[in-house]
*Asks:* 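Please find one structure pasted underneath; my questions will follow.
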Amino acid sequence: MSVPQDEAGKRVAQAPTEHIQGIVERVTYHAEDTGYTVARLKASFARDLITIVGSFPEIHAGQTLRLTGYWREHLKYGQQFQVLHAQETKPATLTGLEKYLGSGLIKGIGPVTAKRIVAQFGMDTLDVIEQQSERLAEVPGIAQKRVAMIAQAWQAQKAIKEVMIFLQGHKVSTTYAVKIFKHYGDSAIEKVSQNPYQLATDIYGIGFITADTIARSLGIAPDSSFRYQAGMLHILQQASDDGHCFLPQSELVEQVVEQLALPEFPVDADKIRTLITEMAEEKQLIIQPGYGEMAGQTICYAPAFYHTEVALAKRLASFAQEPIEVDAQRVQRWIDGYTQKKGIVLSAEQRQAVELAASSHMLVLTGGPGCGKTFTTRTIVALWKAMGKTILLAAPTGRAAQRLSEMTGWEAKTIHRLLAFDPKTMQFRYNEQNPLEADALVVDETSMLDLFLAHSLVKAISTHAQVLFVGDIDQLPSVGPGMVLRDLITSERLPVVRLTTVFRQAAESHIVTNAHRINAGQFPQLTPTTKFASSDCLWLEAPEPEIGAEGISHLVSHYLPAHGVDVLQQVQVLSPATRGEVGTRHMNTLLQQVLNPLQPGGIELTRGGHTLRVGDRVIQQVNDYQREVFNGDLGTIAAINLEEQEVKVRFAEREVTYDYADLSELALAWAITIHKSQGSEYPIVIIPLFMQHYMLLSRNLLYTGLTRAKKLAILVGPTKAIGMAIHRVMDRQRYTALADRLKIPL
């Protein structure tokens with residue numbers, strides 16, 4: 001236990017320890033990673049609720065706790081009981097029993113059912129559930145089906161507690177213990193003991209650091225080859241989170257030496273190089289000479305990344321070398337007739353794109369806002385239709401697919417749904433052996449395609465089909481590894497048309513003109529929010545992040561509603577980062593209070609320090625193939641069922657159910673990162689830009705955020721931060737060899 005300190009950080013004498021007992025009334029805050037908790041306790045000796053503070057691996061309302069600790073006076077929050085040790089005891093009162101059972105501990109028992117059960121069995125309640133669960137049918141309103149559910153949940157809870165005791169002994173939080181049990185079942189303890197590092201791969205939210213802590217607690221030596229090998233694979237995975245497909249060997253060794261070293265156990269770089277060679281011989285790593293700018297260096301891949309990159313390059317190259325015979329004059333006549341009939345004029349760039357689409361197996365169409373990508377795509381689809389082709393349209397996200405459908409008048413699907421993912425086999429149904437039945441395919445928002453999704457898509461395309469890749473090369477690259485659109489363009493293996501002319505109607509929008517100014521490294525023309533009707537691109541000056549957060553709160557609560565804006569339906573806050581006063585975490589808490597406060601009689605659920613309410617906007621944070629919801633999908637909480645321990649979320653026209661254990665997949669989405677907004681458009685966006693996020697500020701970040709707005713964009717922050725974003729070109733090349741592989745003849 002650390003020496004107590006006051007708020008100024010000075011050592012203070014610890015008060016004498018005492019023992020108190022009471023029932024947890026509510027949990028004010030609980031951090032799942034550290035266990036740090038602030039809660040309110042009802043004790044018989046005190047008239048008011050007591051604030052308790054300490055580290056609890058697991059805590060929920062209704063628990064009866066015997067606590068050892070000392071009293072202290074907090075400068076801001078007053079008297080608190082600092083807990084040194086906690087022990088759970090059986091509830092000693094009927095009220096305690098009701099709270100204990102109704103706290104969400106057992107699936108199938110919520111507050112109402114708990115009250116009925118305790119009313120029926122009194123202080124014998126827990127013994128009845130444990131030994132005579134069939135007697136629960138005696139309780140009014142509990143059907144036989146629910147009796148079976150409660151009995152099963154009670155047994156599962158006991159099994160989970162065994163796993164929890166083991167895992168908590170090795171510094172694992174309750175939330176992760178539940179997820180580990182759910183993933184591995186009864187073999188959880190055995191699996192974790194055999195290879196704790198596998199947790200970082202199998203369990204969403206558990207990283208290498210947590211797995212490494214468990215490993216050391218289990219007795220795995222800090223300098224063991226087993227630890228170093230797991231560390232290398234982790235660092236490669238970490239690199240893929242930053243968009244890389246591989247790392248140079250020198251960089252991999254450097255990061256292993258830096259990240260895996262402990263004060264008493266420095267890492268020997270020569271040992272790591274030897275291990276890399278051994279892992280390559282055992283096919284745990286792929287090492288080879290680098291290409292292009294990496295020539296002369298050795299590069300290291302995790303096997304899945306290497307094989308996917310090679311296979312994608314081969315598939316794309318085979319399409320590129322297959323010519324398509326068309327009657328060029330007939331295509332020209334069709335274009336002339338179509339534009340005359342529609343009363344439109346194609347620019348030279350647009351016409352070139354339509355002509356190439358008729359004769360190319362694959363074509364890349366890129367360009368900024370207002371340059372006619374949408375109209376060109378619609379014309380190409382009309383041409384293919386006139387040629388009698390069967391056409392499919394797809395995009396990486398649901399919102400992007402919806403937008404593609406609206407602009408073409410044809411049905412568009414997400415790529416995952418187009419390829420028909422099968423949760424039973426954990427594979428796509430459409431592949432090389434079972435290709436998509438289409439003569440032509442449009443893929444929009446191609447800048448979002450990562451290495452693995454691009455490969456899954458391309459290998460499912462029939463060898464005779466034609467493909468149009470549409471995307472804005474100046475937007476942020478994909479969240480996942482690789483930069484497929486940029487590699488397609490720089491490889492010069494496929495025909496590319498870049499639209500550059502901004503059409504007159506689009507040029508009337510300050511969003512469009514400012515996006516192009518930003519792209520050219522020029523400061524945007526910003527109109528103060530005091531002149532609402534003067535521009536569709538406004539600026540709210542705020543010198544500090546705290547003032548910016550208050551300003552955004554005012555925008556959504558007063559300013560925009562006063563101008564007739566339906567904030568709940570039309571506004572999205574886009575932040576560069578998750579942390580800080582204007583990061584998504586803090587802004588979501590703030591905006592939730594403004595836009596979706598708890599109503600009288602309303603239901604809310606607090607998990608991991610985050611509160612969810614019916615009506616909250618949420619975002620999916622990981623691909624969940626079982627539920628068919630994917631990273632970046634936005635939804636709204638439709639229902640919270642405390643008894644079933646379920647949360648229902650509506651995504652578009654579909655409702656998806658989450659167990660409590662899987663709620664870490666969701667986050668509030670009143671504010672999301674600009675990265676997560678890719679492929680989406682919103683009527684109104686608010687973008688805070690402050691120096692606290694200076695490491696992330698860049699030209700393509702601001703450009704991407706601004707171009708998400710359809711009707712109105714509001715930048716919030718000082719001109720210094722906006723200027724830094726514009727002048728900072730963060731085109732640091734991701735480590736990918738796709739473009740170089742495409743240049744190699746088959």
Side-chain angles (χ1 to χ4, degrees), residues 1-14 31-37 53-57 82-85 164-177 180 189 191-203 205-242 244 247-279 284-285 298 300 302 578-580 695:
M1 187 77 190
S2 60
V3 176
Q5 298 177 336
D6 64 13
E7 272 68 30
K10 297 176 182 176
R11 290 161 64 107
V12 295
Q14 180 177 310
E32 297 290 353
D33 51 352
T34 63
Y36 176 75
T37 301
V53 179
S55 181
F56 293 78
Q82 179 68 50
V83 178
L84 301 176
H85 176 72
M164 282 182 177
I165 290 168
F166 168 78
L167 293 172
Q168 287 166 9
H170 298 292
K171 303 176 183 176
V172 182
S173 73
T174 303
T175 294
Y176 291 141
I180 291 166
I189 294 174
K191 292 277 189 185
V192 173
S193 300
Q194 284 177 351
N195 182 7
Y197 294 106
Q198 191 62 33
L199 292 171
T201 301
D202 292 345
I203 311 297
I206 292 185
F208 177 82
I209 293 172
T210 302
D212 194 35
T213 302
I214 298 167
R216 291 208 304 279
S217 181
L218 287 167
I220 294 174
D223 58 349
S224 69
S225 296
F226 181 68
R227 177 175 181 259
Y228 290 155
Q229 288 171 335
M232 268 187 270
L233 295 175
H234 158 70
I235 286 166
L236 286 173
Q237 180 60 50
Q238 203 175 42
S240 77
D241 293 341
D242 291 331
H244 301 302
L247 283 179
Q249 179 172 306
S250 57
E251 197 167 319
L252 177 59
V253 172
E254 182 182 324
Q255 289 195 35
V256 171
V257 169
E258 180 182 324
Q259 292 188 37
L260 270 64
L262 297 170
E264 65 278 23
F265 288 100
V267 180
D268 182 355
D270 288 334
K271 180 175 181 177
I272 301 305
R273 293 187 192 95
T274 302
L275 277 175
I276 288 174
T277 303
E278 292 174 2
M279 290 175 75
Q284 292 176 279
L285 285 180
T298 299
C300 301
T578 57
R579 296 181 179 177
M695 289 293 290

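We count residues from 1, following the sequence as given.
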*Asks:* Please name the pair of heavy atoms, one in Ser193 and one in Pro196, separated by the smallest distance, quoted to 0.1 Å.
*Replies:*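 Taking Ser193 first and Pro196 second, the nearest heavy atoms are O-CD, 4.2 Å.
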*Asks:* Are Arg227 and Asp223 within salt-bridge range, i.e. N to O under 4.0 Å?
*Replies:*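 No, this pair does not count.
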*Asks:* Which heavy atom of Tyr228 sits nearest a heavy atom of Pro222, and at what distance?
*Replies:* CE2-O, 3.7 Å
*Asks:* Identify the two heavy atoms, one from Ala302 and one from Leu236, that lie closest to each other, and give their separation to 0.1 Å.
*Replies:*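 Taking every non-hydrogen atom into account, N-CD1, 3.7 Å.
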*Asks:* Between Ile214 and Tyr197, does a side-chain contact (heavy atoms from CB on, under 4.5 Å) hold up when you go through it step by step?
*Replies:* CA-CA 8 Å; Ile214 298 167; Tyr197 294 106; over 6 Å; no
*Asks:* Check whether any side-chain heavy atom of Leu260 sits under 4.5 Å from a side-chain heavy atom of Asp212, and report yes or no.
*Replies:* no
*Asks:* So which heavy atom on Ser225 is nearest to which on Lys271, and how close?
*Replies:* OG-CE, 3.7 Å
*Asks:* Would you call Gln237 and Leu233 a side-chain contact if the rule is heavy atoms closer than 4.5 Å?
*Replies:*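 No - every pair of side-chain heavy atoms lies 4.5 Å or more apart.
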*Asks:* Would you give the length of the straight line joining atom CE of Met232 to atom CG of Leu247, rounded to the nearest 0.5 angstrom?
*Replies:* 12.0 Å
*Asks:* Does any non-hydrogen side-chain atom of Ile180 lie less than 4.5 Å from one of Ile206?
*Replies:* yes
*Asks:* Do Glu278 and Gln284 have side chains that approach each other closer than 4.5 Å (heavy atoms only, starting at C-beta)?
*Replies:*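 With C-beta onward as the side chain, the pair stays apart.
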*Asks:* Atom OG1 in Thr298, atom CD1 in Ile276: separation rounded to 0.5 Å?
*Replies:*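 Going from OG1 on Thr298 over to CD1 on Ile276, the span is 9.0 Å.
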*Asks:* Looking at side-chain heavy atoms only, is the closest gap between Val83 and Phe56 below 4.5 Å?
*Replies:* yes
*Asks:* Listed by chain and number, what are the salt bridge (charged side-chain N to carboxylate O under 4.0 Å, His left out) partners of Arg579, not counting sequence neighbours?
*Replies:*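 Applying salt bridge (charged side-chain N to carboxylate O under 4.0 Å, His left out) to Arg579 gives none.
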*Asks:* Give a yes or no on this: more than 12 heavy atoms of other residues, nucleotides or ligands lie within 6.0 Å of atom CD of Glu264.
*Replies:* yes
*Asks:* Which value, rounded to the nearest 0.5 Å, describes the distance between Thr201 atom OG1 and Asn195 atom CG?
*Replies:*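 Here the rounded value is 8.5 Å.
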*Asks:* Work out which heavy atom in Asp270 is nearest to a heavy atom in Asp268; give both atom names and the distance.
*Replies:* N-OD1, 3.0 Å
*Asks:* So how far is it from Gln238 CD to Ile209 CD1, rounded to the nearest 0.5 Å?
*Replies:* 7.5 Å
*Asks:* Heavy atoms, side chains only, cut-off 4.5 Å: are Leu199 and Thr210 in contact?
*Replies:* no
*Asks:* What is the distance from atom CD1 of Ile272 to atom CD of Glu254, rounded to the nearest 0.5 Å?
*Replies:*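 So the gap between those two atoms works out to 13.0 Å.
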*Asks:* For Pro266, what residues pass the side-chain contact (heavy atoms from CB on, under 4.5 Å) criterion, not counting sequence neighbours?
*Replies:*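 Applying side-chain contact (heavy atoms from CB on, under 4.5 Å) to Pro266 gives none.
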*Asks:* Are any non-hydrogen side-chain atoms of Gln229 and Met279 less than 4.5 angstrom apart?
*Replies:*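 In contact.
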*Asks:* Starting at CG of Leu218, measure out to CD of Gln194 and round the result to the nearest 0.5 Å.
*Replies:* 11.5 Å
